[in-house]
Amino acid sequence: MERDHRNMRTRNIIAAIILLILGVGYAYLTAHLPSRDIANTTDPSFFPWVLAVCFLVLSGALLFQTFLPVDLGRLPSIPAIPVSKYAAGFVTFIVYMALLPTLGFVVANILFFAVLMIIYGERRPLWIAAGSIGLSLVLFFLFREIFQIRLPAGVLGGIIT
């Protein structure tokens, strides 16, 4: 078992180094993208920079994780999720996509997240309401203010424009 662990550690180190090199290359290419001077818009390189940073952080985390002490004992088992929950989540997603243009991003996401929380076992109404409303608003304002992407307002058009 110890030998398998050393082999995995070596593979993770090699993979992390290769991924870091690829990430640095991607960041270098991103740094040389042309810019544009249009008011109130993001640069064309904004999303590539987001990808580059995420890629480098995850690759660095893989390298860092490789050097952490590891418990070679039995790993906890992950509970199986019934196929019916996957199917219910998929149907919920299809309904969400159909309602998104009409209801708008915030209202559709509140309903979507609430139903998903119920499907996967959350039963506390306050947690469901706070989680679905909070996450929907955070995502809406993240896209609108940080990424400067206008999402459909739907029924809240006069309130959150």
Side-chain angles (χ1 to χ4, degrees), residues 4-71 75-81 85-86 88-97 99-101 103-122 127-128 130-154 156 160-161:
D4 290 339
H5 176 66
R6 271 186 278 137
N7 286 340
M8 179 61 82
R9 183 177 290 220
T10 303
R11 285 188 293 230
N12 284 348
I13 290 171
I14 292 168
I17 290 170
I18 291 171
L19 290 171
L20 283 168
I21 291 169
L22 288 172
V24 168
Y26 185 78
Y28 174 79
L29 293 173
T30 299
H32 290 84
L33 285 173
S35 63
R36 61 180 179 194
D37 295 325
I38 300 174
N40 298 325
T41 61
T42 57
D43 248 3
S45 65
F46 178 74
F47 283 111
W49 273 119
V50 170
L51 292 175
V53 168
C54 290
F55 191 77
L56 289 169
V57 166
L58 291 173
S59 300
L62 176 62
L63 186 62
F64 177 75
Q65 178 186 1
T66 303
F67 295 108
L68 292 177
V70 176
D71 179 19
L75 295 175
S77 63
I78 299 172
I81 297 174
K85 286 189 180 186
Y86 287 120
F90 183 71
V91 169
T92 302
F93 177 72
I94 298 299
V95 171
Y96 162 76
M97 292 301 291
L99 294 176
L100 183 62
L103 295 179
F105 184 82
V106 174
V107 175
N109 273 319
I110 289 171
L111 296 173
F112 178 63
F113 291 139
V115 171
L116 284 181
M117 290 172 77
I118 292 167
I119 288 172
Y120 285 97
E122 183 58 59
W127 279 95
I128 294 170
S132 60
I133 292 169
L135 184 57
S136 297
L137 290 175
V138 165
L139 287 173
F140 179 79
F141 288 112
L142 175 75
F143 275 88
R144 189 173 88 177
E145 302 301 324
I146 305 297
F147 299 147
Q148 296 181 352
I149 296 174
R150 298 288 175 201
L151 297 169
L156 298 178
I160 57 172
T161 55

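Values reported hereafter were calculated over all heavy atoms of this structure, with side chains retained and with hydrogens, waters and symmetry mates removed.
For Leu29, there are no side-chain contact (heavy atoms from CB on, under 4.5 Å) partners at least two apart in sequence or on another chain. In this structure, the side-chain contact (heavy atoms from CB on, under 4.5 Å) partners of Ile149, at least two apart in sequence or on a different chain, are Phe47, Phe143, Phe147, Leu151. Partners of Ile118 under the side-chain contact (heavy atoms from CB on, under 4.5 Å) rule, at least two apart in sequence or in another chain, are Arg123, Ile128. Residues satisfying the ring pair (Phe, Tyr, Trp, His ring centres under 6.0 Å) criterion with Phe64, sequence neighbours excluded, are absent altogether. When the side-chain contact (heavy atoms from CB on, under 4.5 Å) test is applied to Leu51, the partners found at least two apart in sequence or on another chain are Tyr26.
Counting only heavy atoms from C-beta outward, the side chains of Tyr120 and Ile81 approach each other to under 4.5 Å. Taking the side chain as every heavy atom from C-beta outward, Phe55 and Leu20 never approach each other to under 4.5 Å. Between Leu135 and Phe112 there is no side-chain heavy-atom pair separated by less than 4.5 Å.
Listed here is the closest heavy atom pair of Leu33 and Pro48: CD1-CG, 4.0 Å. When every heavy atom of Ser59 is checked against every heavy atom of Ala16, the shortest pair comes out as O-CB, 3.8 Å.
Distance check: Ile17 CD1 to Asn12 CG gives 11.0 Å after rounding to the nearest 0.5 Å. Arg9 CZ to Asn7 CG: the interatomic distance, rounded to the nearest 0.5 Å, is 11.5 Å. Taking CD1 from Ile14 and OG1 from Thr66, the interatomic distance works out to 10.5 Å, rounded to the nearest 0.5 Å. The CG atom of Leu99 sits 11.5 Å away from the CD1 atom of Ile94 when rounded to the nearest 0.5 Å. To the nearest 0.5 angstrom, Leu137 atom CG is 10.5 Å from Arg144 atom CZ.
Residue pairs meeting the side chain to side chain donor-acceptor pair (under 3.5 Å) criterion with at least one partner in residues 132-141, sequence neighbours excluded, do not occur; the list is empty. Pairs engaging residues 112-122 under the salt bridge (Lys or Arg N to Asp or Glu O under 4.0 Å) rule: Glu122-Arg124 [sequence neighbours left out].
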Tell me which donor-acceptor pairs under 3.5 Å the side chains of residues 104-111 have, and how far apart each pair is, sequence neighbours excluded?
unit_1	atom_1	unit_2	atom_2	d
Asn109	OD1	Tyr96	OH	2.9
Asn109	ND2	Phe105	O	3.1

Inset, instruction - Evaluate side chain to side chain contact (heavy atoms under 4.5 Å, CB included) for Val91 paired with Tyr86, printing each intermediate quantity in order. - result: CA-CA 9 Å; Val91 169; Tyr86 287 120; over 6 Å; no

